[in-house]
Amino acid sequence: MPSPVNAKIKRRAVALALVISLVFGGYSLRLFQIQIVEGAYYRDQITQNITLVTPLKASRGEILDRSMRPMAINRTSYQVIIDGNFYPYNPYRRSETLCAKQNEIILGLTKLLADAGEIWEDSLPISREAPYVFLPERESSIERLKSDLRLADYATAENCINALVEKYYLGDYSPDDQRVCAGIQREMDLPGKFSYRDAYIFADDVSKNTTYQIDENKQQFPGVGIQPAAVRNILSGTIAPHMIGTVGPIYDLEEYTELKDKGYALNDTLGKSGVEAAFESELRGKNGKRTLIKDPSNVVIDSFESEPPVPGKTVVLTLDSDLQQACDQALDDRIQMLRAQPPRKDNYYDVSSGAVVILDVKDGGLLAASSWPVYDLGTYRQDYEQLIKDPEKPLFNRALNGTFPCGSTMKPNIALSALTCGIITPSSTVTCNYAYHFYSPPSYCMHSHGTISVRTALTRSCNIFFYDVGRRLGMQKMNEYSTLCGLGQKTGLEINESAGVLAGPETYTNWTPGMTIQAAIGQANNAFTPIQLAAYTMTMANRGVRYQTHILRSYLSYDGTEIPYEPKVAARADWTEEAMQAVHEGMLGVTKPGGTAVAAFSGVKYTLAAKTGTAQTGNPNKSDHGLFIAYAPAENPEIAIAVILENGGSRNAGFVARDCLDAYFNTKSNNYTPTPEGVLLP
């Protein structure tokens, strides 16, 4: 008789055998189903081709000036790409062997490009040479890099490079080769930059000769190919570079997150600044589709265009490229002349920058916007690291973003406000004996003008008159009318601009009553941009109507349809006719004998209503800023101009304005004039 223990073991063995039989029976049935019942289906699947859809880039719209002269257009060039379908690539597994193959291709390709004088894509936010530092204005990319590498917030650029060296098996390479491979490998690793579907753009805008060299050595570079592409061609890189702006790649995932719903891929190019950024949605066009047919072994056997791309719209600007160039030249000539003077405070040898803005007074269109120092947009990419290190900050757009005290250019606004509010009349007088004693310590004028009215006070720029009128007008009314003129606020331009600052206790913590009279002559903490001063001058030219400034004249679609810009009224100042006439007459006198700008405008054949301005810097070792505003012709205004010379003096600002206005009136016969009154843009 078997023991109870042996019987128990036997039962368990039988149960286990039954389970094993059931499992194997199930597998056998499934195998029978796959091989016999569904065999034909799976044979078809194995032999079926693979269809892959990839994007076809749309050509970017062009940028023209108001006379249809090209400023930024496209030309056919070539891109070096890496196609993941032919490159040693496995998105699911990284190994030392695989990375070694990739690194050798990358280094061979970059050496070929470097020898040919070409540059390649590298958006790693770290300098390309040791000692490694993080690049400025790339905070989000730096934060993302540290996070992806699992480094602490305080990690240095050197720490990041070391982590990339480890990640991509670069320990046996030289430091220079490590940096090259790390930058490109990191770029290719970013989601959306490189996949079987999306080719990686290794280098943009390479020469035809370089493409021949790559083709001749293509066996060294599996997966590397050449494709034609439309690239930006800047016809004159020093004409309005701050306004035209730049295009570039999507630098980080944060930026991409905001753009992917609009149809962007991470390897797309888009406008980064200026007009290129402001009108990105119109310029970019709509991508098409290319269909690839691959056999079961992943070899491409056919490709065709399944959906054609739609080119972007052409953007026609209000800028006049000839006038812009003349303004650029006027600024450069005067600044270089001043800097060549011996170092003496009264000759403005320390002038540091300048800007000119000219507006079409009939609709607020921007005709010219010069900023000095300037840079060459055509070589921007190659020069970028030098440009951002330049202490004179050539990339900074002073015409739109520079804020400066406006000096005596504020006085017409104070006069218009006081006359309209009944504080004074055109015949009211104030006696100027050089010093104003209402507040202690006293404030001073440049001269002793005697008893004068508002017209003479504007012509001769008397501080005492406007100290007294400003005190009686008060900051509230002063700023109310300043706002209507567009001062201390953005003017509405499509391109990024600064808001500036209106003086007053709301914007200055240690405000005292005596600062009100300083604000009345454009000091205190008033700080305005040149385009705001031009918009303010336009408002006076239009008898109180201020248009929203704009740089867009029209859109042209690829089929020839034109969509014009519709002018917009931003504000209306309710000045009285009496006030406007008195101020107009006072500004007419500025360029006539006895006026503060008579020297600069001697012998002109056109009329202008103007105002000079001198603004103190608060630094006894620096020269005063110089300003000049005007509208012309005075009897039927067409344009408004504002000039600022930082540490350059008002006399010199007047001479710059003279050169710019001469250029405008000398080219009227060429039909480069602003829109006539009452006529809409074409």
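Note that the numbering runs from 1 along the sequence shown for the chain. Hydrogens, waters and symmetry mates play no part in the numbers below; they use all other heavy atoms, side chains included. Computed from a predicted structure; not experimentally measured.
- Between R144 and D148 there is a salt bridge, since at least one side-chain N of the basic residue sits less than 4.0 Å from a carboxylate O of the acidic one.
- A distance of 10.5 Å separates NZ in K193 from CG in D198, rounded to the nearest 0.5 Å.
- When every heavy atom of T318 is checked against every heavy atom of L367, the shortest pair comes out as O-CD2, 3.5 Å.
- A donor-acceptor pair is defined here as one N or O able to donate and one able to accept, closer than 3.5 Å; such a pair exists between the side chain of E118 and the backbone of S207.
- Looking at Y375, Y380, F396 one by one, the single match for ring pair (Phe, Tyr, Trp, His ring centres under 6.0 Å) with H242 turns out to be Y375.
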Please lay out, stage by stage, how N74 and S59 fare under the test side chain to side chain donor-acceptor pair (under 3.5 Å). CA-CA 8 Å; N74 297 320; S59 61; 4.8 Å; no

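- In this structure the side chain of V165 reaches within 4.5 angstrom of the side chain of I161, judged on heavy atoms.
- Checked by atom type, the side-chain pair E562/S554 shows a donor-acceptor distance below 3.5 Å.
- Annotation: the span from T314 atom OG1 to L283 atom CG amounts to 8.0 Å, rounded to 0.5 Å.
- When all heavy atoms are compared, the tightest approach of N647 to S352 is OD1-OG, 2.9 Å.
- With rounding to the nearest 0.5 angstrom, the SG atom of C660 is 7.0 Å from the CG atom of L323.
- Counting non-hydrogen atoms of neighbouring residues, nucleotides and ligands closer than 6.0 angstrom, the CG atom of N90 exceeds 12 such neighbours.
- For the residue pair T529/E497, the side-chain donor-acceptor check at 3.5 Å is not satisfied.
- Ion pairing between a basic and an acidic side chain is recognised when a charged N comes within 4.0 Å of a carboxylate O; R186 and D122 show no such pairing.
- For the pair R553 and Y565, the minimum side-chain heavy-atom distance is 4.5 Å or more.
- In this structure, K286 contributes its side chain and V310 its backbone to no donor-acceptor pair below 3.5 Å.
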Assess the residue pair Y168 and D189 against the criterion (side chain to side chain donor-acceptor pair (under 3.5 Å)); give the C-alpha distance rounded to whole Å, side-chain angles, the decisive distance to 0.1 Å, and a yes or no. CA-CA 11 Å; Y168 299 117; D189 256 0; 2.7 Å; yes

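- When atom types are taken as modelled, the side chain of N217 and the backbone of Q213 share a donor-acceptor pair closer than 3.5 angstrom.
- Looking at E187, its side chain never comes within 3.5 Å of a backbone N or O of L124 through a donor-acceptor pair.
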Worked verdict on Y87 versus F221 for ring pair (Phe, Tyr, Trp, His ring centres under 6.0 Å): CA-CA 8 Å; Y87 183 68; F221 309 129; over 10 Å; no

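- With values rounded to the nearest 0.5 angstrom, K208 atom NZ is found 3.5 Å from Y78 atom OH.
- I358 and C327 make their closest contact through CD1-SG, 3.6 Å (heavy atoms, listed as atom of the first residue, atom of the second, distance).
- Salt bridge status for K101 with E96: absent, with no side-chain N to carboxylate O gap under 4.0 Å.
- Closest approach of A203 to W120, counting heavy atoms only: CB-CA, 4.1 Å.
- Within the 4.5 Å cutoff, the side chain of L145 has no heavy atoms near those of the L151 side chain.
- The NZ atom of K167 lies 14.5 Å from the CG atom of N162; values are rounded to the nearest 0.5 Å.
- Under the 3.5 Å distance criterion, the side-chain polar atoms of T110 are matched with a main-chain donor or acceptor of I106.
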Give the intermediate values and the outcome of side chain to side chain contact (heavy atoms under 4.5 Å, CB included) for residues M243 and I495. CA-CA 8 Å; M243 307 306 297; I495 300 173; 3.6 Å; yes

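- Remark: the backbone N or O of A369 is paired with a side-chain donor or acceptor of Q324 at under 3.5 angstrom.
- If you check the side chains of T238 and D376, you find no donor sitting under 3.5 Å from an acceptor.
- Put simply, the side chain of D65 gets close to the backbone of R69: a donor and an acceptor are under 3.5 Å apart.
- Between the side chains of D328 and S370, at least one donor N or O sits under 3.5 Å from an acceptor N or O.
- Under the 4.5 Å side-chain criterion, counting only non-hydrogen atoms from C-beta, L319 is not in contact with R66.
- R339 places a side-chain N or O within donor-acceptor distance of the main-chain N or O of V351, the cut-off being under 3.5 Å.
- Annotation: the span from I234 atom CD1 to I239 atom CD1 amounts to 11.0 Å, rounded to 0.5 Å.
- Side-chain contact check for I184 versus Y200: some heavy-atom pair is nearer than 4.5 Å.
- Using a 4.5 Å heavy-atom cutoff, the side chains of E276 and R232 are in contact.
- A donor-acceptor pair shorter than 3.5 Å can be found between the side chains of E280 and Y264.
- A distance-only check finds no donor-acceptor pair linking the side chain of N233 to the backbone of R75 [under 3.5 Å].
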Working for side chain to side chain donor-acceptor pair (under 3.5 Å), residues S498 and T403: CA-CA 8 Å; S498 295; T403 55; over 6 Å; no

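- Geometric assessment of R398 against the ring of F404 yields a negative cation-pi assignment under the 6.0 Å and 45° thresholds.
- Across every non-hydrogen atom of A240 and M71, the tightest pair is CB-CE, 4.4 Å.
- Between F202 and L109 there is a side-chain heavy-atom pair separated by less than 4.5 Å.
- I73 has its side chain out of reach of I63: every pair of non-hydrogen atoms, C-beta onward, lies at least 4.5 Å apart.
- Contact record, T549 with L493: OG1-N, 3.3 Å, taken as the closest heavy-atom pair.
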Dump the intermediate steps for side chain to side chain donor-acceptor pair (under 3.5 Å) on S557 and D559, then the final yes or no. CA-CA 5 Å; S557 63; D559 63 0; 2.3 Å; yes

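- The main-chain N or O of V275 is never found under 3.5 Å from a side-chain atom of E494 such that the two would form a donor-acceptor pair.
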